Amino acid sequence: MQREIPKAYEPQEIEKRWAQAWFVEKLFRADPKAPGPVFSIALPPPNITGSIHIGHMLEHTQIDILVRWRRMSGFQTLWLPGMDHAGIGAQFVVERQLAEEGLTRQQLGREEFERRVWQWREQSGDTIKRQMIRLGTSCDWTRERFTLEPALYRAVLEAFLRLYREGLIYRGRYMVNWCPRCQTAISDLEVQHVERAGKLWYIRYPVAGSKEHIVVATTRPETMLGDTAVAVHPDDERYQHLAGKKVLLPLVNREIPIIADDFVDREFGTGAVKVTPAHDPNDFEMGRRHHLPEIDVMTNDARMSEAAGKYAGLDRYAAREKIVEDLAALGLLDRVTDHTHATGVCDRCKSEIEPRVSVQWFCKMKPLAEEAARVVRDKLIPIVPENWEGVYLDWMERIHDWCISRQLWWGHRIPIWHCADCGAMTPARDSRVELVNGRAQAASGPEQCGACGGSKLAQDTDVLDTWFSSGLWPFSTLGWPDNTEDLRTYYPTSLLISGYDILFFWDARMIMMGLHLVERVKIEERIPFHRLYLHAIVRDPHGLKMSKTRGNVVDPLEIAEKHGTDALRFTLAVMAAPGTDIALSEERILSYRAFANKIWNAARFLFFNLEKIEAAGVTLEELAAPDIRAAAPYQHKGEMALTDRWIFSRLAAVRDVISDALEHFRFHEAAHVIYHFFWGDFCDWYIEWVKPRLGAADREAAAATWRNLFSVFEAALRLLHPFMPFLTEDLWHKLPQRAGAKSIAFEPFPGPQPARRDADAERQMALLQEIVVAARNLRAELKLDPKKKIAAEFAASDGGVRKLVEANLDFVLPLATLSELKVSADRFDSSGGATRSSAQFDLRIAYGDAIDVKAEVARLRKETDRLAKDLESKRTRLADDTFRSRAPAEVVRTLETTMAERQAEYQKLRDRLAQLERAAGSTA
RNA sequence: AGGCCCGUAGCUCAGUUGGUUAGAGCGCUACCUUGACACGGUAGAGGUCUGGGGUUCGAGUCCCCACGGGCCUACCA
């Protein structure tokens, strides 16, 4: 039988085929009744604002690695996918599209606009789903959710109504961040602070009934039109005499009081500050303390309002210029200085936000934050990397109420009705949802005002912050508020993996909401996830954040097409050290594409030789390991060859490291270890080692070798599968012994095999490898024809070492391209050939006439210098009594042993060096 | 203003509890197209871990300071 596969691994066709098959066969559908411990995870729902980017890819890769690993390890897993309606984000995208058609959402009207966003959702959602399927994410598509679908609106209603009844959600007129472009309030988190070079204008306010002025400093002169006081520090002697007086507000000619408030910083500016309660958060607080009027001098789009008098209609920046001009003309502009300060801009559209007083809905945070802080402080939800716990707790500590209402059209409508007669608010009676024209609405809206019984009711026009529904995601997606089987089985989820950039936006809110809303007694059953892993941000090769405007974004789909999804996944995994951002470069991806090719070709070698295998009398069925989980080796005459003992020992070790690394989100370590096991141990050594034995005359020995080769290979494939699902799936199906297999995704991950660890085998193998390397080294130095087999001499005083070498000549000779190796007991002196020495052996190849004495002398000098330095430091250490008395005995002992070995080696090298120098001297 | 992270080979980065000669990938040098693989093989060169101080028998690893870079939180106009 012959099984040919192409020489180079071409992932494109293979990946597409398997991605499609996995999806169509619903391979990763979760079954709550399945046996085994549960591993559940909710996908952070991508926003429907376009397509998958590299950040998603990293996140999905990490989740997929863990999910596949757990699944193979016997867990019954659920990975629940879905998408987020992304209120402000999606609305922003669609508005931009409308703008290209010369339209505004106001022109379309609310219903038509919503229809347009739904269209967009279909398109964008499809793209994302298609991409995720193509990238092989092993989630359960039968459970896909969308935050704005009826079932999830129901959860939103339930959450809102409960919090409302408990008084945790309230409505009121407060200072909020207003985005004049988006025309909505946004939360504190959606405001970015940017340092900007600005000015500080010093303005004279005439004191009423006197010739005196009081000078105030401001960065925003245009807001002076809304000033309702001037404040000074109560203890500021400069202003004591003005207490209780009034100033005449310039340009407006309104009399406003001078008030004393210890908020005022005496050091800043003039120590007197204008107070604009409607346009500054501090002034707002101060205004409430002193019962000052709040005069909003702006409109929704940040133009000056009617209250601004003659400036009405001007844009806020134009008004600023005009006002400064007018003040200067009146001689009231004292001076202007440069002043850099932080300005808030809208996270979405980068417009400067306007602090404004308006009527909004808020959620009280303090009561929710207490328990949310506790579960992290008490390690009920450990956060990895750990330093984020401090950041999280700090934020919880000084949390502010959350403005949850948005003046948007895309989102969950607030389930409150306002009475036209008395103004009272009546909530929906319950959280039932009905579909009207395909859109989910509260089914139990009130027919009468709860206060006056009036029937002129209108639902609140605001929608909820998109993060309100995201905050319910881990349980709303499982059927909450119903007590479904999914909720009982999969909640709390096992883990949340998210970017650290949404720790407050999302992760923290899920914790608060889960703890408060899920109806369970024990706190550890109410948390939304048992652990929280915050992954890094993917950056460009120069460490810059990827952004469309910079033009440095990489499209994961494009890379996947070009180099293969597996190569990209492996790159992301191997670079994903916790807490470190990833600088992604194409060269790096190439090297892991090469790795995929290496695996492919190792398989090719195995398949290539099936004829020989059958000639050795092994049936294909017999190639399968007798116990797949243990990846048990075959024995020949009750014994195992050293190579086999060694590779199975390595396999057991590597398997442990990988499991432990994945347990702790050390993806880079796991990937690194499997890479070097496969390429180094398996390909470079094991395969090369067994090659000569495969066609051995002893058919049984050959058979055992073959079986073990296949056994290790298939175990390696299973270790690799979480990282490279496509390649390993494809090769699994090509394995002759696994004909008819369903999917490697459901084969067992190699289990712990402590009994296979074999320190002797590893030590012996290390020595043999050292000998081979020494021989190659000599060959290179003597510039021997690489193909020419040559005789060498070997000396070791230890009989065990000699026996080991003699027993493994069939391995050593071909790998070192030697014709023979003469073994003797007497260590060589330094003459008669090119020599490599270690503490345990000497290896010598006769010179011929080819040696480059100068090069050899240089090498030896360098080597002896290094050793001399090393020995010196060791000698000092050992001579130090404090070291001997305080360091652990084991450390001292080890040092003594290595010291002795090094000393012997050093002596050898010195002798050789001296001898060569003499020889060189005599010929010169 | 407060906090966090980073500064290790030419480049991009690893280096969990402090303990032999500090690693990887790419790049570089020399040789090799050997029936798995040139997306390959073999052998090499190349860092004293930003600087200074401290703790310790022992520090890239812990502490302090400085310099350089990044990020987050913040109601000082």
Side-chain angles (χ1 to χ4, degrees), chain A residues 5 7-9 175 188 193 200 216-220 223 231 263-265 267-269 272-276 280-286 339 341-342 355 385 387-388 390-391 394-395 398 400 500-501 503-504 537 541-543 545 563 567 571 574-575 577 579-585 587-588 590-609 660-661 664 666 668-669 672 675-676 683-684 687-688 691 773 776-777 779-781 783 785-787 817 859 866-867 869-870 874 877 880-888 890-892 894-895 897-899 902:
Chain A
I5 64 174
K7 192 167 165 181
Y9 176 54
M175 176 64 57
D188 295 344
H193 294 92
L200 202 52
V216 299
T218 179
T219 54
R220 302 202 54 201
T223 64
F263 161 79
V264 178
D265 178 357
E267 308 301 315
F268 189 90
V273 59
K274 62 193 267 309
V275 183
T276 322
D280 180 278
N282 301 310
D283 295 5
F284 175 77
E285 295 297 328
M286 222 189 306
H339 182 66
H341 61 116
N387 61 296
W388 288 100
V391 177
D394 194 47
W395 188 73
R398 43 185 183 181
H400 289 42
Y500 56 72
D501 50 335
L503 174 64
F504 305 138
I537 301 291
H542 310 289
K545 213 165 179 171
H563 304 302
T571 310
V574 88
M575 298 188 78
T580 314
D581 287 348
I582 295 172
L584 189 68
S585 69
E587 293 88 71
R588 195 73 194 248
L590 283 175
S591 68
Y592 297 108
R593 186 182 71 172
F595 182 46
N597 192 56
K598 187 77 181 177
I599 299 165
W600 181 260
N601 274 288
R604 197 158 162 264
F605 171 72
L606 264 63
F607 299 158
F608 219 71
N609 282 293
D660 187 64
H664 297 98
R666 302 171 60 79
H668 66 302
E669 188 181 331
H672 184 259
Y675 177 94
H676 286 283
C683 292
D684 291 346
I687 289 184
E688 295 306 325
K691 268 180 186 173
V773 168
R776 287 169 172 171
N777 203 296
R779 297 182 58 98
E781 187 184 319
K783 299 202 192 317
D785 176 351
K787 281 169 299 227
T817 329
R859 189 189 71 82
R866 199 175 55 83
L867 270 173
K869 253 168 85 180
D870 181 55
K874 284 193 170 50
R877 290 290 286 296
D880 186 346
D881 287 341
T882 10
F883 169 69
R884 285 184 168 283
S885 60
R886 300 222 183 157
E890 194 195 319
V891 172
V892 180
T894 316
L895 192 61
T897 328
T898 46
M899 170 86 185
R902 229 34 79 66

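Here is the naming used below: chain letters follow the sequence lines, and residue numbers restart at 1 for every chain. Keep in mind that what you see is a predicted model, and the values were worked out from it rather than measured.
B/C26 is paired with B/G10 under the Watson-Crick or G-U wobble criterion, all donor-acceptor distances under 3.5 Å. Under the Watson-Crick and G-U wobble criteria, each requiring two contacts below 3.5 Å, nucleotide B/U33 is left unpaired. B/C71 is paired with B/G3 under the Watson-Crick or G-U wobble criterion, all donor-acceptor distances under 3.5 Å. With a cut-off of 3.5 Å on both pairing distances, B/A38 has no Watson-Crick or G-U wobble partner at all. With a 3.5 Å ceiling on both atom-pair distances, the Watson-Crick or G-U wobble partner of B/G19 is B/C57.
Rounded to whole angstrom, the span from the OH atom of A/Y500 across to the P atom of B/C72 amounts to 8 Å. For the pair A/D394 CG and B/A1 C1', the computed distance is 13 Å after rounding to whole Å. A/F504 has its CZ atom 11 Å from the C1' atom of B/C4, to the nearest Å.
Within the 4.5 Å cutoff, the side chain of A/L503 has no heavy atoms near those of the A/W395 side chain. Residues A/V574 and A/R588 have side chains in contact (heavy-atom distance under 4.5 Å, counting atoms from C-beta outward).
Checking side-chain atoms of A/R877 against main-chain N and O of A/R884 turns up no donor-acceptor pair under 3.5 Å. At distances below 3.5 Å, not a single donor-acceptor pair connects side-chain atoms of A/R902 with backbone N or O atoms of A/K874.
Distance from the side chain of A/R902 is smallest for B/U20 among the nucleotides B/G41, B/C26, B/U20. Here the nucleotide nearest the side chain of A/P786, chosen from B/A77, B/C32, B/A36, is B/C32. With distances taken from any side-chain atom of A/A780 to the nucleotides B/A43, B/A36, B/A77, the minimum falls on B/A43. The listed nucleotides are B/U20, B/A77, B/G25; the one nearest the side chain of A/R588 is B/G25. Checked against B/G19, B/C26, B/U42, the side chain of A/E587 finds its nearest nucleotide in B/C26. The nucleotide whose nearest atom lies closest to any side-chain atom of A/R604 is, among B/U73, B/A77, B/C37, B/C37. With B/U16, B/G35, B/A77 as the candidates, the nucleotide lying closest to the side chain of A/R666 is B/U16. The side chain of A/K787 approaches B/C32 more closely than any other nucleotide in the set B/U20, B/C32, B/C4. Residue A/N597 has its side chain nearest to B/C37 when only B/A36, B/G40, B/C37 are considered. Side-chain proximity of A/E688 to the nucleotides B/C37, B/A24, B/U73 is greatest for B/C37.
Two residues, A/P281 and A/A8, neighbour RNA chain B, and the one matched to the more 5' nucleotide by heavy-atom proximity is A/A8. Residue-to-nucleotide proximity on RNA chain B shows that, of A/H193 and A/M575, the 5′-proximal contact is made by A/M575.
Only the C1' atoms considered, B/C26 is 12 Å distant from B/A9, to the nearest whole Å. Taking atom C1' in both B/A30 and B/G35, the straight-line distance is 26 Å, to the nearest Å. B/U16 and B/C63: their P atoms are spaced 14 Å apart (whole Å). Across B/G3 and B/G25, the matching P atoms stand 40 Å from one another, rounded to whole Å.
Neither OP1 nor OP2 of B/A43 sits under 4.0 Å from any side-chain N or O of A/K783. Put simply, A/R776 has a side-chain N or O that comes within less than 4.0 Å of OP1 or OP2 on B/A43. Look at A/H668 and you'll find a side-chain N or O under 4.0 angstrom from OP1 or OP2 of B/G15. OP1 or OP2 of B/A36 has at least one side-chain nitrogen or oxygen of A/K691 nearer than 4.0 Å. Using a 4.0 Å cut-off, no side-chain N or O of A/N601 falls inside it from OP1 or OP2 of B/C39. Put simply, A/K7 has no side-chain N or O that comes within less than 4.0 Å of OP1 or OP2 on B/U33.
Counting non-hydrogen atoms under 4.0 angstrom, A/V273 reaches a base of the nucleic acid. Residue A/R779 is out of contact with every strand shown, counting any heavy-atom pair closer than 4.0 Å.
Salt-bridge annotation for A/R866 and A/D870: absent, with no side-chain N of the basic residue lying under 4.0 Å from a carboxylate O of the acidic one.
To the nearest 0.5 Å, the span separating CG on A/N597 from CG on A/L590 amounts to 12.0 Å.
A tilted orientation is assigned to the rings of A/W600 and A/Y9, their planes being inclined by 30° to 60°.
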